[in-house]
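Quantities reported herein were computed from a predicted structural model and do not represent experimental measurements. Numbering of residues begins at 1 and proceeds along the displayed sequence.
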Amino acid sequence: MIEEKEVVNEELEDKILLVDDIRRFAFSIMCLPTDLHDDWCLTDGKNTFDLKVSDEFLVRKIRAVRRIVSRQDVILCNVRFRQWLHRGGLETRQDIVEVLEHRSPWIAMQFDESA
């Protein structure tokens, strides 16, 4: 049961905040946006998500090094998951607030030199 409800007035439409929590997810990067503050196209292996990255440390690091992340890399991250109820139904928003780990399948791949 939801104990408290926060009423938010956004775009002249009342919304009731139902869920606001942080969840841990692993995503594979499908494509990076030109502007790192735009939504990133990610997959969990089954579903595709367009998520905004709010982790400024990661954004600054990517800009400084230029290509530390690429397509098919995996990021383990904390995601802020929010859902509102409004007149039109449910609205869901997810934002990456912190990247905990970054793995590249190309770096992890090792070849047997004897083959």
Side-chain angles (χ1 to χ4, degrees):
M1 178 176 217
I2 300 169
E3 295 176 10
E4 292 185 27
K5 296 178 182 175
E6 178 185 332
V7 178
V8 180
N9 188 0
E10 189 174 301
E11 300 175 0
L12 303 176
E13 185 175 36
D14 289 331
K15 296 182 182 185
I16 300 170
L17 183 64
L18 300 174
V19 177
D20 187 0
D21 63 18
I22 303 292
R23 300 177 182 184
R24 185 172 293 191
F25 283 96
F27 292 112
S28 178
I29 298 170
M30 295 181 66
C31 66
L32 290 169
T34 306
D35 181 353
L36 296 174
H37 289 288
D38 288 342
D39 289 353
W40 291 32
C41 185
L42 307 171
T43 182
D44 65 0
K46 184 176 182 181
N47 302 303
T48 302
F49 301 91
D50 292 322
L51 299 175
K52 188 157 303 283
V53 176
S54 302
D55 185 343
E56 286 301 318
F57 175 75
L58 176 69
V59 171
R60 284 194 311 271
K61 192 172 179 184
I62 291 172
R63 284 191 177 134
V65 180
R66 286 287 180 184
R67 288 283 295 189
I68 65 161
V69 295
S70 61
R71 191 170 180 265
Q72 296 181 346
D73 283 5
V74 173
I75 54 174
L76 178 64
C77 48
N78 285 330
V79 176
R80 184 176 184 192
F81 181 86
R82 293 178 286 177
Q83 284 187 308
W84 294 268
L85 177 63
H86 56 87
R87 285 180 232 168
L90 281 176
E91 176 184 338
T92 301
R93 186 176 307 155
Q94 300 177 81
D95 298 303
I96 296 175
V97 294
E98 180 182 19
V99 175
L100 305 168
E101 190 175 334
H102 166 241
R103 294 185 183 192
S104 173
W106 309 113
I107 294 172
M109 193 182 309
Q110 296 182 1
F111 296 98
D112 182 8
E113 294 180 12
S114 64

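Looking only at side-chain heavy atoms (C-beta outward), Ser28 and Leu42 stay at 4.5 Å or farther from each other. A heavy-atom distance below 4.5 Å is found between the side chains of Asp44 and Phe49. For the pair Val53/Asp39, no side-chain contact is recorded, criterion being any heavy-atom separation below 4.5 Å from C-beta on.
Comment: Asp95 does not engage Arg80 in a salt bridge, judged by the lack of any side-chain N to carboxylate O separation of less than 4.0 angstrom. Remark: Arg71 does not engage Asp73 in a salt bridge, criterion side-chain N to carboxylate O under 4.0 Å.
For the atom pair NZ (Lys52) and CD1 (Ile96), the distance works out to 11.0 Å, reported to the nearest 0.5 Å. Note that CD of Gln83 is 5.5 Å distant from CG of Leu90, once rounded to the nearest 0.5 Å. Considering CZ of Arg24 and CD of Glu101, their distance stands at 9.5 Å, rounded to 0.5 Å. One distance of note links SG of Cys77 with CH2 of Trp40; it measures 9.5 Å at 0.5 Å rounding. The distance from atom CG of Leu17 to atom CD of Glu91, rounded to the nearest 0.5 Å, is 10.5 Å.
Under the 4.5 Å side-chain contact rule for hydrophobic residues, Val74 and Ile29 do not share a cluster. Under the 4.5 Å side-chain contact rule for hydrophobic residues, Ile75 and Met30 do not share a cluster.
Remark: Glu98 pairs with Asp55, Asn78, Leu100 by the side-chain contact (heavy atoms from CB on, under 4.5 Å) rule, at least two apart or across chains. Under the ring-ring contact (aromatic ring centres under 6.0 Å, His included) criterion, Phe81 pairs with no residue at all, not counting sequence neighbours.
Around CZ of Arg103, the count of heavy atoms belonging to other residues, nucleotides or ligands within 6.0 Å does not exceed 12.
Cluster partners of Ile22 are Val97, counting Ile, Leu, Val, Met, Phe, Trp and Tyr whose side-chain heavy atoms approach within less than 4.5 Å, directly or via other members.
Nearest heavy-atom pair across Arg87 and Asp14 is NH2-N, 4.2 Å.
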